[in-house]
Number of protein chains: 2
Amino acid sequence: MSLLSGKRSPLLRKLSNFSTFDADETAAIEALASEPVPYRPREIIIEEGERPQGVNLVLSGFACRYKALPDGRRQILGYFVPGDICDLRVFVLEEMDHSIAAVTAAEVAVLPAEEIRQVTARFPRITTALWWATLVEEAISREWILNMGRRSAGERTAHLFCEIYHRLKAVELADGGRFTFPVTQQELADALGLSVVHVNRTLQLLRRRGLVDMENGTVILPNLEALEDYAMFNPRHLHLRERARPDASAPLETT
Amino acid sequence: MSLLSGKRSPLLRKLSNFSTFDADETAAIEALASEPVPYRPREIIIEEGERPQGVNLVLSGFACRYKALPDGRRQILGYFVPGDICDLRVFVLEEMDHSIAAVTAAEVAVLPAEEIRQVTARFPRITTALWWATLVEEAISREWILNMGRRSAGERTAHLFCEIYHRLKAVELADGGRFTFPVTQQELADALGLSVVHVNRTLQLLRRRGLVDMENGTVILPNLEALEDYAMFNPRHLHLRERARPDASAPLETT
DNA sequence: CGCCCACTTGATTAATATCAAATACTGTGG
DNA sequence: CCACAGTATTTGATATTAATCAAGTGGGCG
């Protein structure tokens, strides 16, 4: 992708929020995303129970993890935005305990385990950056638990928009309080643990308060500060401070 | 600890659910837990914003992760049982985005990063097992999101008891449908995202249905199968199948 | 045009929170 | 052993939040 446009790939843009890379490292990161596989909206990428084939890297569009209860209730567990890697070390486990699907039209690259192994063996700084990405994803999961458990419908919805906004901004896909996020209210409901009807009313509330507007798949946050305040959003959990850091602190870099 | 009693440490018991270890590996795992630090109930182990000192390994008792909102609402994000390691790669991040505290009286060992690095450098099978443990914890987090989002108060409570039971069983601290779990209803409320009063009523409901009994800090599950059914509990997400496996599949084992 | 799908609205019900008070239980000092 | 304080549990009444049911509306598109 970077070859075509001269622009940095979303993965590189994302990892640059944690570390800076020299030319070799940059080339190695850019080389990871081999051939993009296109998915249509809602198309399943991997399903619960399957054995994972490779490590998926989202290049464009949105995807999500989700889980369903035997009686049909469905819960989205998290979103993937461009630059996100789904389960770096998924091969340790025998089978998926949840599913991953495209939310919108999306392009996903499948990285062979061996390729990741080689890159991480050669570039410790990339290894650390990949761990950082994994740890941030875990932190987001924890925030979701707090979200579902202790935030009201309005706060929870607002919080989700703050999260997506900051994540998209980190890969240069959002700015000025607006971003493309074409999801139905049903999908929001599944992500927020609410009913569709209630999502609809909650969005109206946020709109009335001038916190969130949605038109045509674009989310507009006219007053980000007020929104973050209302949602009690603390960007700390995204660990996005831009800076170079030494990579000596990483344990677990083994032979 | 294993020196005192001749019994296997909880960490070894836990990892044995994933892999079998030879004498050297066993010794290395047993040597990890140096000196236990005692904590009193509710004592904070690490607080949000702090820089982590080392990797914590729970030897006895229960601990939890939690997060609080600025207005005081509190949410427990997960429990630690003996054998659990809190954040293997925590050093990658600069500061904690949540807190960890003892729930009951507990003993915790602090593992220096360097020690972990050495053990994992020498024993790839241990490395893989530690990853497995980390991945299981992530899977549990995801299940909690489903729990909070889509399960009713009763189902959610039941599900938590199923989870703790299976986890304790994996370290030989539960059997025959009973285990020690001395938590207050307020703490359950913070874990389940409910009010105390509602937890109380939910427990009464479960008791009336013969699914859960609690007396004196001991939880009794008189009919585990019915409970799991009611909670729609699927043990798959704990990835606890007992078996030896090759460790060749692990990516990211780098220099 | 007409259909499908998403969105919206209103009315009602169910789940859960909040408030307030009463009852048990635990440990402590006398 | 008792009295007491403090905490945890239980109960009842009421309010709030969110789900459900049912019926529109509206836009894109074959």
Side-chain angles (χ1 to χ4, degrees), chain A residues 40-42 69 71-76 103-105 146-160 180-209 212-220 230-231, chain B residues 40-43 62 69 71-76 103-105 146-160 180-209 212-220 230-231:
Chain A
R40 271 158 313 158
R42 280 152 221 226
L69 253 19
D71 63 4
R73 281 176 278 178
R74 191 178 101 113
Q75 177 67 44
I76 289 178
V103 172
T104 64
L146 172 60
N147 233 4
M148 312 289 278
R150 291 303 187 203
R151 269 187 259 250
S152 70
E155 294 162 347
R156 202 185 304 173
T157 308
H159 193 279
L160 177 64
T180 302
F181 189 52
V183 292
T184 66
Q185 295 184 354
Q186 178 60 65
E187 279 161 335
L188 277 182
D190 284 344
L192 296 166
L194 300 170
S195 68
V196 209
V197 174
H198 201 59
V199 165
N200 183 285
R201 292 183 168 129
T202 302
L203 288 174
Q204 291 181 44
L205 169 82
L206 294 176
R207 195 170 310 131
R208 266 197 314 266
R209 295 204 184 186
V212 175
D213 223 327
M214 289 184 85
E215 51 185 43
N216 243 358
T218 295
V219 175
I220 304 166
Y230 171 72
Chain B
R40 271 160 312 157
R42 279 152 222 227
E43 198 174 341
F62 293 90
L69 254 19
D71 64 4
R73 282 175 278 178
R74 190 178 102 111
Q75 176 67 44
I76 290 177
V103 173
T104 65
L146 173 60
N147 232 5
M148 312 287 280
R150 290 303 187 202
R151 269 186 261 250
S152 71
E155 293 162 348
R156 203 185 304 174
T157 309
H159 194 277
L160 176 64
T180 301
F181 190 53
V183 292
T184 66
Q185 295 183 356
Q186 178 60 66
E187 281 162 334
L188 277 182
D190 284 344
L192 296 166
L194 300 170
S195 69
V196 209
V197 173
H198 201 60
V199 164
N200 183 285
R201 293 186 167 127
T202 302
L203 288 174
Q204 292 182 43
L205 168 81
L206 294 176
R207 195 171 309 131
R208 265 197 314 266
R209 295 205 187 187
V212 175
D213 224 326
M214 289 185 85
E215 53 185 42
N216 244 356
T218 295
V219 175
I220 304 166
Y230 171 71

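Worth knowing before you read on, the calculation uses all heavy atoms, side chains too, and leaves out hydrogens, waters and symmetry mates. Throughout, a chain's letter reflects where its sequence line sits, starting with A, and its residues are numbered from 1.
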Please tabulate, one pair per line, each protein N/O and nucleotide N/O from nucleotides 17-20 of chain C that are separated by under 3.5 Å, including the distance.
residue	atom	partner	partner atom	Å
C:dA17	OP1	B:Ser195	N	3.3
C:dA17	OP2	B:Ser195	N	3.0
C:dA17	OP2	B:Ser195	OG	3.1

Any heavy-atom pair between the side chains of A:Gln75 and B:Asn147 that's under 4.5 Å? no
Close side-chain approach of A:Glu187 and A:Arg42, heavy atoms under 4.5 Å: yes
Rounded to the Å, how far apart are A:Asn200 CG and D:dG24 C1'? 13 Å
Taken to the nearest 0.5 Å, the spacing of B:Gln185 CD from B:Asp190 CG works out to 12.5 Å
Give the rounded distance in Å between these two atoms: CE of A:Met148 and C1' of C:dT16. 16 Å
B:Arg156 versus B:Leu160: any side-chain heavy-atom pair under 4.5 Å? no
What parts of residues 181-190 of chain A reach DNA chain C, counting only heavy atoms under 4.0 Å away? A:Thr184, A:Gln185
Rounded off to whole Å, could you give me the CD-to-C1' distance for the A:Glu155 and D:dT17 pair? 12 Å
Given axes from five pairs at either end, by how many degrees does the helix from C:dC1-D:dG30 to C:dG30-D:dC1 bend, rounded to 10°? 30°
Kindly indicate whether the side chain of A:Phe181, heavy atoms from C-beta on, has any atom under 4.5 Å from the side chain of A:Val103. no
From the set D:dT11, C:dT16, C:dA6, return the single nucleotide nearest to any side-chain atom of B:Ala153. C:dT16
Roughly how far apart are A:Leu188 CG and A:Ile76 CD1, rounded to 0.5 Å? 8.0 Å
Quick check: does any side chain N or O of B:Arg207 sit under 3.5 Å from a backbone N or O of B:Thr202, one acting as donor and the other as acceptor? no
By nearest-nucleotide position on DNA chain D, the 5'-leaning member of A:Ser152 and A:Asn216 is A:Ser152
Heavy-atom distance under 4.5 Å between the side chains of B:Asn200 and B:Gln204, does that happen here? yes
Which nucleotide sits closest to the side chain of B:Arg42: D:dA8, C:dT9, D:dT11? D:dA8
Length of the CZ-P vector between A:Arg151 and C:dT16, whole Å: 20 Å
note: A:Glu215, atom CD; D:dG28, atom C1'; distance rounded to Å ~ 17 Å
Looking at CE of B:Met148 and NE2 of B:His159, how far apart are the two atoms once the value is rounded to the nearest 0.5 Å? 12.5 Å
Rounded off to whole Å, could you give me the CZ-to-P distance for the A:Arg73 and C:dA15 pair? 11 Å
Are A:Val199 and A:Thr157 packed together at the side-chain level, in the sense that at least one heavy-atom pair is separated by less than 4.5 angstrom? no
Distance, rounded to the nearest Å, where A:Leu206 contributes CG and C:dT8 contributes C1': 16 Å
Do B:Arg73 and A:Glu155 come within less than 4.5 Å of each other through their side chains, counting heavy atoms only? yes
Can you check the A:Leu205 CG to D:dT17 P distance for me, whole Å? 11 Å
